[in-house]
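Shown next, in structure tokens, is the structure this report addresses.
Throughout, a chain's letter reflects where its sequence line sits, starting with A, and its residues are numbered from 1. None of these values were measured; they are calculated from a predicted model.
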Number of protein chains: 2
Amino acid sequence: MGERVGARERIRRQMVAEIKREARRQLAESGAQSLSLRAVARETGLVSSGVYRYFASRDELLTALIIDAYGAVAERVEEAVGARAAPRERWRAGCAAVRAWSRANPHEYALIYGSPVPGYAAPADTVDAAARVPLALLSVVRAAHEAGELRPPDVRALPPELAAQGRAVAELTGGGLPEDAAVRVGIAWTQLFGMVGFELFGHLVGSFDPADALFDHAVDLMADLIGLP
Amino acid sequence: MGERVGARERIRRQMVAEIKREARRQLAESGAQSLSLRAVARETGLVSSGVYRYFASRDELLTALIIDAYGAVAERVEEAVGARAAPRERWRAGCAAVRAWSRANPHEYALIYGSPVPGYAAPADTVDAAARVPLALLSVVRAAHEAGELRPPDVRALPPELAAQGRAVAELTGGGLPEDAAVRVGIAWTQLFGMVGFELFGHLVGSFDPADALFDHAVDLMADLIGLP
DNA sequence: CCAAATCGAGAGCGCCGATCTTTTTCTTGA
DNA sequence: TCAAGAAAAAGATCGGCGCTCTCGATTTGG
């Protein structure tokens with residue numbers, strides 16, 4: 001499918017890209033709160049109503065930025081996790097990638113992991129993009145499991161409902177992962193983002209600030225919890 | 001210090017309370033985004049500029065709501081944790097109180113644990129209020145430790161920096177708590193809020209939704225991690 | 001009792017998101 | 001080639017927002 005595009009369509013895509021670029025710039029500078037279509041229009045040489053030819057509303061523009069942000073962090077994590085290395089090293093690299101991207105792009109982090117901005121919409125497009133990070137983490141654990149190297153500590157029995165959810169999550173990775181491991185990855189996943197969010201939003205200021213040491217330690221404890229070698 | 005207050009001061013405090021009440025109502029209804037001073041003014045029978053006699057800016061009003069929200073969740077957690085019960089039961093109750101309050105007041109949760117709203121200020125007033133929840137959790141672990149019942153699993157050595165931070169945190173509870181335990185509480189704390197935040201903001205929709213089972217399991221795993229009996 | 005402080009009210013500023021109409025520009029098929 | 005039609009740009013306009021300033025009315029405390 002060569003996707004024939006005329007000159008007009010090409011210009012249109014450029015315009016969309018330029019609007020998003022400028023919006024991303026303003027986002028990085030002062031957050032989603034103060035991102036205004038009018039300012040974007042001014043900066044891109046459009047009249048204020050012109051932006052609406054490309055994005056039906058401010059929320060739609062923000063949604064586009066959200067999807068891009070999910071993609072950006074996922075890309076970093078997938079790259080970090082893809083290295084040929086021991087499972088625990090890959091796990092550490094994935095977690096470190098999350099933190100590094102978040103610290104480098106705090107406003108984009110806030111956009112996707114902070115409070116949902118409008119009444120929150122979460123269109124289906126964002127779901128797939130959002131799933132890539134946890135899937136990358138799961139893939140590390142799955143590889144360790146397939147190599148027969150997964151050694152979870154004393155296992156707690158799962159209630160049936162949680163076991164079912166764990167099984168469903170495990171199947172997202174292609175199957176083969178024990179339910180319990182999937183559940184523990186879920187817990188480590190929430191721990192990771194809870195910690196990164198707390199760091200970014202200043203909740204660690206009186207206690208674990210700077211958070212470098214806490215982060216590394218937590219990542220290792222979670223790897224222990226999962227049973228990564 | 002009897003705090004003599006004249007009639008005028010009394011009326012003023014009533015006015016402040018009424019403004020906050022209406023603001024809280026709007027917050028609960030549609031989030032911090034769409035909380036407007038003008039709407040609050042309309043609803044309280046004031047002219048729009050009148051609110052500024054009581055709050056210098058929208059941010060100042062939001063800050064007042066933030067402090068109140070921290071206080072509200074802390075109250076619930078302290079009450080839950082204060083029960084005369086086994087350490088693990090107290091731990092569970094504290095965590096459950098966090099989740100229950102958060103689900104009952106999602107917009108207030110977003111206000112204090114979501115993306116910082118303005119450029120974020122975090123005035124000193126909020127810090128003390130924010131510390132009460134982690135302190136309540138720490139107190140449970142400290143009680144278990146003092147009863148000689150804390151049995152942490154295989155301990156990982158702490159790097160010096162993290163040990164120092166853990167010691168400082170432990171001292172906030174009055175001392176006596178091992179550094180390692182304080183650090184683990186910190187990790188469990190971030191896990192707890194990461195999980196609750198993910199649940200509220202829809203990040204668990206495709207996987208661990210509903211989150212009840214995951215929550216209970218995670219709370220117990222974190223209690224294990226800390227070594228609570 | 002009166003000066004000072006406080007208050008409610010109102011007008012106004014500049015910004016915002018969004019909609020509508022009009023004009024210009026570009027594309028394309030007869 | 002050129003006119004019809006689609007797309008883009010421009011401009012005016014609407015209601016709402018945060019915030020500031022001024023001006024009488026009211027209350028307070030010395």
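For the pair A:R53 and B:S48, both in contact range of DNA chain D, the more 5′-proximal nearest nucleotide belongs to A:R53. DNA chain D is contacted by both A:Y54 and A:R38; A:Y54 maps to the nucleotide lying nearer its 5′ end (nearest heavy atom per residue).
Between B:D220 and B:R92, at least one side-chain N (NZ, or NE/NH1/NH2) sits under 4.0 Å from a carboxylate O, which counts as a salt bridge. A salt bridge links A:E199 to A:R99: one of the charged nitrogens lies within less than 4.0 Å of a carboxylate oxygen.
Of the side-chain N and O atoms in A:S49, none sit less than 4.0 angstrom from OP1 or OP2 of D:dA10. Contact annotation: A:R12 side-chain N/O to C:dC26 OP1/OP2 distance is not under 4.0 Å. Contact annotation: A:R58 side-chain N/O to C:dG17 OP1/OP2 distance is under 4.0 Å.
Considering only the side chain of B:A39, D:dC17 comes nearest among D:dG18, C:dG8, D:dC17. Closest to the B:R8 side chain, of the nucleotides C:dT19, C:dC7, D:dA9, is C:dC7.
Computed from coordinates, the A:M15 CE to C:dT25 P distance equals 16 Å when rounded to whole Å.
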Trace of the side chain to side chain contact (heavy atoms under 4.5 Å, CB included) decision for A:F198 with B:W189: CA-CA 10 Å; A:F198 268 19; B:W189 172 53; 3.4 Å; yes
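With B:R38 contributing its side chain and B:S48 its backbone, the two residues share no donor-acceptor pair below 3.5 Å.
With the end axes of the helix from C:dC1-D:dG30 to C:dA30-D:dT1 each set by five pairs, the angle from one to the other reads 10° at 10° resolution.
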